[in-house]
Amino acid sequence: MTQATQTPSKGIQLSEAALKHVTMLKEQQGKDLCLRVGVRQGGCSGMSYMMDFEDPSQITEHDEVFDYDGFKLVCDKKSLLYLYGLMLDYSNAMIGGGFQFTNPNANQTCGCGKSFGV
């Protein structure tokens, strides 16, 4: 896992590799976007992670916003109950690469690492 780029007081941690990759993906979109991270029911372990870019105008008072040197990561407060302390990392390894979620609140995870149970 790579080093986090901000203080541990943020509810969702973003590694340097993850920040670099999402910044590159955002720039490819050619728009001012933020990254929304959350959870939804489903997946092999009961809940699955979700993340997608969205327009900053979609941020509401029900969201927590974490700023990483001008890049905004957004999470609704309900999802944050399950994600508080999450480390989002990125690896470009050919096997097992991509985004990786390390969630201290999960008591079980599936083999793919994209869903969890609490």
What are the two closest heavy atoms between [X] and [Y], and how far apart are they?
{"X": "Lys26", "Y": "Asp32", "answer": "NZ-OD1, 4.2 Å"}
{"X": "Ala17", "Y": "Tyr90", "answer": "CB-O, 3.4 Å"}
{"X": "Phe66", "Y": "Gly11", "answer": "CE2-N, 3.3 Å"}
{"X": "Val74", "Y": "Cys34", "answer": "CG2-SG, 3.7 Å"}
{"X": "Lys77", "Y": "Asp63", "answer": "CE-O, 4.0 Å"}

- Message: Test side chain to side chain contact (heavy atoms under 4.5 Å, CB included) on Asn105 and Leu83; report intermediate values, then the result.
- Response: CA-CA 7 Å; Asn105 306 301; Leu83 298 179; 5.5 Å; no

- Indicate if Val22 and Met50 have the same hydrophobic cluster label, given that clusters are the connected sets of ILVMFWY residues with side-chain heavy-atom separations under 4.5 angstrom. no

- Query: Are Leu19 and Leu33 connected in the hydrophobic side-chain network, where two residues link if heavy atoms are under 4.5 Å apart?
  - Reply: yes

Measuring from atom [atom1] of [X] to atom [atom2] of [Y], what distance do you get when rounded to the nearest 0.5 angstrom?
{"X": "Gln100", "Y": "Met87", "atom1": "CD", "atom2": "CE", "result": "11.5 Å"}
{"X": "His62", "Y": "Asp76", "atom1": "NE2", "atom2": "CG", "result": "10.0 Å"}
{"X": "Cys75", "Y": "Glu64", "atom1": "SG", "atom2": "CD", "result": "8.0 Å"}

- Just do the side chain to side chain contact (heavy atoms under 4.5 Å, CB included) check on Lys20 and Met24 with the steps written out, would you? CA-CA 6 Å; Lys20 183 178 177 182; Met24 180 203 61; 5.9 Å; no

- Message: If you apply the rule side chain to side chain contact (heavy atoms under 4.5 Å, CB included), what do you find for Ile12 with Tyr84, and how did you get there?
- Response: CA-CA 6 Å; Ile12 297 178; Tyr84 193 85; over 6 Å; no

Run the side-chain contact (heavy atoms from CB on, under 4.5 Å) test against [X] and tell me which residues pass, sequence neighbours left out.
{"X": "Leu81", "answer": "none"}
{"X": "Glu27", "answer": "Thr23"}
{"X": "Met51", "answer": "Leu35, Val37, Leu88, Phe99, Phe101"}

- Task: For the residue pair Val65 and Lys72, establish whether any side-chain heavy-atom pair is separated by less than 4.5 Å.
- Result: yes

- Task: Run the numbers on Leu73 and Leu14 for side chain to side chain contact (heavy atoms under 4.5 Å, CB included), then give the verdict.
- Result: CA-CA 9 Å; Leu73 184 142; Leu14 207 63; 3.8 Å; yes

- Lys/Arg-Asp/Glu bridge criterion (N-O < 4.0 Å) met for Asp67, Lys10: no

Given 3.5 Å as the limit, does a donor-acceptor pair link the side chain of [X] with the main chain of [Y], or not?
{"X": "Ser79", "Y": "Val39", "answer": "yes"}
{"X": "Asp55", "Y": "Gln58", "answer": "no"}
{"X": "Asn103", "Y": "Tyr82", "answer": "yes"}

